[in-house]
Amino acid sequence: MYELGPGILPNSICVPLTPTAHAQEIYFYPTLCGQYSCDAQYIVNRQEHENPLLIFIRNGMLRLQYEGQVYHAGKGDIILLDCSRPHCYAAEGNVDFLYLHFDGSNAHQLVTDITADSPLLRKQENVLAGERLYDLIQSYRRRGIENEVESSMRIYQLLMLLAMPPERMTRRDTPINQTVDYIRGHVGESITLQSLANMAHLSACHYSHEFKRQTGFSPMEYVINTRLEKAKMLLLQTTMSVVDIAYEVGYESGSSLSSLFIKKVGCSPREYRRSNGIGVRENA
């Protein structure tokens with residue numbers, strides 16, 4: 001019988017797992033998982049642990065101390081930790097939770113990205129993530145790591161659920177999405193950070209942070225990329241000159257567009273046009 005620590009009640013499950021060297025090299029893989037029912041004596045206080053940790057609270061509450069902050073995780077909440085940093089979590093009364101220690105080639109980076117705002121995740125995807133974690137634990141309990149590819153895929157899909165934005169609304173329901181639509185519909189016009197922030201009714205700083213969180217780009221990076229996309233389309237689908245295309249996408253001269261192409265694409269607009277098999281005699 002696997003002996004469990006203080007505060008862990010007898011009906012708890014702990015499943016140690018041994019990944020192959022091949023799995024450790026290229027896949028996501030589990031190292032320890034289970035289901036704990038605990039009383040108020042349960043506490044984990046570590047300076048570090050090699051593998052990231054995912055916890056799904058089924059009932060009760062865990063108190064988490066992490067990077068100088070205190071969090072209270074209750075029923076339906078998920079805790080996701082890069083355990084290479086000091087952490088402490090403890091039961092507040094009786095608590096029941098599922099857990100998975102895992103690792104992989106970019107597991108730590110992915111956990112850091114998902115938990116950029118908080119290690120405590122409260123989102124509508126949590127219920128589905130909890131169901132998948134339960135199925136995963138039961139599978140490992142019965143068979144161990146049966147197939148390293150399938151196991152890696154299941155862990156990755158679980159993490160991707162948690163990487164989803166907190167509230168998946170329709171495209172036009174958020175101020176950020178409204179400004180994205182505005183950028184794409186007014187690519188040839190003058191667009192400033194402040195004008196976009198005003199449109200979203202946010203400060204420029206808050207708007208920039210939210211825009212990057214939701215799109216992966218800063219607002220002005222997105223403007224530039226949208227102009228570049230439109231310029232590429234016009235180069236490939238029309239006979240417009242580089243100068244006319246520059247005006248069409250919001251630049252005052254052909255040289256400005258050429259500089260952007262050389263920086264972002266690695267060639268001039270004319271070279272881009274020719275490299276895609278399109279020969280056009282331009283009226284410069």
Assess whether side-chain contact (heavy atoms from CB on, under 4.5 Å) is satisfied between L32 and N51, documenting all intermediate values.
CA-CA 9 Å; L32 186 71; N51 312 120; over 6 Å; no
Roughly how far, to the nearest 0.5 Å, is OG1 of T179 from NE2 of H201?
11.0 Å
Would you tell me whether S151 and Y140 have side-chain atoms, one donor and one acceptor, within less than 3.5 Å of each other?
yes
Under 4.0 Å between a side-chain nitrogen and a carboxylate oxygen: does that hold for R213 and E210?
yes
For the side chain of S152 and the backbone of E148, is there at least one donor-acceptor N/O pair under 3.5 Å apart?
no
Considering residues, nucleotides and ligands other than E67, do more than 12 of their heavy atoms fall under 6.0 Å from its CD?
yes
Consider only side-chain heavy atoms of I, L, V, M, F, W and Y, link residues closer than 4.5 Å, and tell whether M199 and L202 are in one cluster.
yes
Under a 3.5 Å distance rule, please check whether D135 uses its side chain to pair with a backbone N or O of R132 as donor and acceptor.
no
For the backbone of V111 and the side chain of T115, can you confirm whether one donor and one acceptor N or O come within less than 3.5 Å of each other?
yes
Testing the basics here: between F102 and L100, what is the closest heavy-atom pair and its distance to 0.1 Å?
CD2-O, 3.7 Å
Taking everything shown except R46 itself, do over 12 heavy atoms lie less than 6.0 Å from its CZ?
yes
Hey, mind stepping through K264 and N225 against side-chain contact (heavy atoms from CB on, under 4.5 Å) and telling me if it holds?
CA-CA 9 Å; K264 294 281 191 178; N225 288 341; 4.1 Å; yes
Just so I know, are the side chains of Y207 and L193 near enough to count as touching, which here means a heavy-atom distance under 4.5 Å?
yes
Please tell me whether F56 and L110 are part of a single hydrophobic cluster in this structure, the criterion being side-chain heavy atoms less than 4.5 Å apart.
yes
Please find the pair of heavy atoms, one from L98 and one from G130, that lie closest to each other, and give the distance.
CD1-O, 3.7 Å
Carefully, step by step, assess Q194 and N198 under the rule side chain to side chain donor-acceptor pair (under 3.5 Å).
CA-CA 6 Å; Q194 191 60 58; N198 291 343; 2.9 Å; yes
Would you say L64 and L81 make side-chain contact, with heavy atoms under 4.5 Å?
yes
If every non-hydrogen atom of V95 is compared with every non-hydrogen atom of G60, which pair is closest and at what distance?
CG2-C, 4.0 Å
Taking atom NE2 of H101 and atom SG of C83, what is their separation to the nearest 0.5 Å?
5.5 Å
Taking the side chain as every heavy atom from C-beta outward, state whether I8 and C38 have any pair of such atoms under 4.5 Å apart.
yes
Does the side-chain contact (heavy atoms from CB on, under 4.5 Å) test come out yes or no for D39 and N94, once each step is laid out?
CA-CA 4 Å; D39 62 26; N94 290 341; 3.5 Å; yes
Separation of I176 CD1 from Q214 CD (nearest 0.5 Å):
5.0 Å
Parallel, tilted or perpendicular: rings of Y36 and Y99 (30°, 60°):
tilted
Counting only heavy atoms not in Y182, do more than 12 fall under 6.0 Å of its OH?
yes
Enter the distance from H72:NE2 to I57:CD1 here, rounded to the nearest 0.5 Å.
12.5 Å
Please tell me if the side chains of D244 and T238 come closer than 4.5 Å, counting only heavy atoms from C-beta onward.
no
Can you check side-chain contact (heavy atoms from CB on, under 4.5 Å) on D103 and Q24, steps first, answer last?
CA-CA 8 Å; D103 217 320; Q24 292 181 63; over 6 Å; no
Least distance between heavy atoms, R58 atom then K75 atom
O-CG, 3.1 Å
For G76, does its backbone N or O pair with a side-chain atom of N126 as donor and acceptor, under 3.5 Å?
yes
Using a 4.5 Å cut-off on heavy atoms from C-beta on, say whether the side chain of K232 contacts that of F261.
yes
Point-to-point distance, once rounded to the nearest 0.5 Å, from OG of S105 to CD1 of I26:
8.5 Å
Minimum-distance pair of heavy atoms, taken over all atoms of Y247 and Y251:
CD2-O, 3.2 Å
Would you indicate whether the side-chain heavy atoms of M233 and V249 approach each other to under 4.5 Å?
no
Would a 4.5 Å heavy-atom cut-off, applied to side chains only, mark V187 and E229 as touching?
no
Are Y71 and Y42 in one and the same hydrophobic cluster, where Ile, Leu, Val, Met, Phe, Trp and Tyr link if side-chain heavy atoms are under 4.5 Å apart?
yes
Quick one: does any side-chain atom of R273 pair with a main-chain N or O of L235 as donor and acceptor, under 3.5 Å?
yes
Nearest 0.5 angstrom please: Y89 OH to Q65 CD, how far?
13.5 Å
Do L120 and L128 land in one hydrophobic cluster if side-chain heavy atoms of ILVMFWY residues count as linked below 4.5 Å?
no
Check the hydrophobic clustering (I, L, V, M, F, W, Y; side-chain heavy atoms under 4.5 Å; chains of links allowed) and say if F97 and L161 are grouped together.
no
Search all heavy atoms of R227 against all heavy atoms of I191 and return the closest pair with its distance.
NH2-N, 4.1 Å
Report yes if the side chains of L62 and D77 come closer than 4.5 Å at any heavy-atom pair, otherwise no.
no
